[in-house]
Amino acid sequence: MKPLKAVYNFIVGDMIILIGSLLVFLLLALINNVASLTPIRPYSGAILIVVILVVLSLTLGRELRGRK
Amino acid sequence: MEWAVTVAAFLASAVEFVEAFTIVLVVGITINWRSAMIGALAAAVALAVIVAVFGTAIVYYVPIELLRLIVGFILILFGLKWLKKAILRYSGLKALHDEEAIFEETMAEMRARGEDITQIQPTAVALSFKSVLLEGLEVAFIVITFGSNATSSHSGIGGIASAAIGAIVAGILVIILGALVRAPLKQVPENTLKFVVGIMLTSFGTFWMIEGFKVDWPFADAFIPILAAIYLLASFVLVTWLKSQKRSIAASAVGSLEE
């Protein structure tokens, strides 16, 4: 468990960033592999940018709430 | 030569070298330079082996699309981590990273031990080795990830070599700068460097992850600066928002004290 935690802290160290990034990765994998979702495929980049900004805002918002 | 990769690797590596160099400097001054240099050189050799083994394996045996997906994902994680810290520092919600404070603190701890400073000290070697290895691993990671993604191009110098050049130049510059000032590298605006690197890592990560899914960006590689501009603008908005929230928290705290 200790090495796993060390790797987690080394790479990200933030659960919101990790879960948000994993979810968007899975979402993009679905969009690009499920036939019925292919019309959304060209918007993959825009989806990723929006999710990244939402994740960043959420994690910063959590830090702010922690200081209230 | 892949200049974008070299510059990105240079900036990212410079941050890590500054941190590692601060510890080596403390060990060198407080215990002895022999121990500090042995630890640092041993770590450098270990890192060279890691880069040689894993760099080659990654480049030759992993499909480029898969590599882009994984690397893009990891770069986004790294980039968001750095960007978050830099934004928190700019907005005043987190103290600025003070290399001088770290230097003084570590120095006081080491003086308190009162060890003999003329012979090779295993503790000093280990401390120097550990700091250089840990920070260097991040540099190695940056070199491999940035470099391996650029190997599909047909330039004279490969991607890993371009990234390695950026990292080596950063290392040499940090060492020269450190030797000249003979003090922790307070002069380097670390938060600015981290902020820029955070933007670059996130931009490259976004770009490569989508390319990994075999989706093309408009304007191809030229979209990377556009991504950087988007993240830069968003960061500016977030810093402004956090600052205003911080002011309102402070105002409400003062108000509740007066009541």
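Owing to the predicted nature of the structure, the values given are computational and were not obtained by experimental measurement. Naming: A, B, ... by sequence-line order, numbering from 1 per chain.
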Self-check item: Worked check of side chain to side chain contact (heavy atoms under 4.5 Å, CB included) between A:Leu60 and B:Lys84
Solution: CA-CA 7 Å; A:Leu60 289 169; B:Lys84 176 194 162 188; 3.9 Å; yes
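- Proximity to chain B at a heavy-atom threshold of 4.5 Å picks out A:Ile17, A:Leu18, A:Ser21, A:Leu22, A:Val24, A:Phe25, A:Leu28 from residues 15-28 of chain A, in numerical order.
- Proximity to chain A (any heavy atom under 4.5 Å) is shown, for B:Leu80, by both the backbone and the side chain.
- When side chains are defined from C-beta on, B:Leu77 does not count as touching A:Asp14, because their heavy atoms never get closer than 4.5 Å.
- Note: B:Phe73 leads B:Trp217, B:Phe73, B:Phe78 in heavy-atom pairs under 4.5 Å with chain A.
- Applying the side chain to side chain donor-acceptor pair (under 3.5 Å) test to pairs two or more places apart or on separate chains, those with a residue in residues 226-238 of chain B are B:Thr206-B:Tyr231.
- Between the CD1 atom in B:Ile87 and the CG atom in A:Leu56 there is a gap of 4.5 Å [rounded to 0.5 Å].
- Within 6.0 Å of OH on A:Tyr43 lie no more than 12 heavy atoms contributed by other residues, nucleotides or ligands.
- Residues passing the ring-ring contact (aromatic ring centres under 6.0 Å, His included) test with B:Phe10, sequence neighbours excluded: none.
- In this structure, A:Pro42 and B:Val215 have side chains that are not in contact, with every pair of non-hydrogen atoms separated by 4.5 Å or more.
- Atom OG of B:Ser91 sits about 8.5 Å away from atom CG of A:Leu64, to the nearest 0.5 Å.
- Among A:Thr59, A:Ile52, A:Val55, A:Leu53, the residue with the largest count of heavy-atom pairs under 4.5 Å with chain B is A:Ile52.
- A salt bridge (Lys or Arg N to Asp or Glu O under 4.0 Å) check over residues 33-60 of chain A, counting only residues at least two apart or in different chains, returns nothing.
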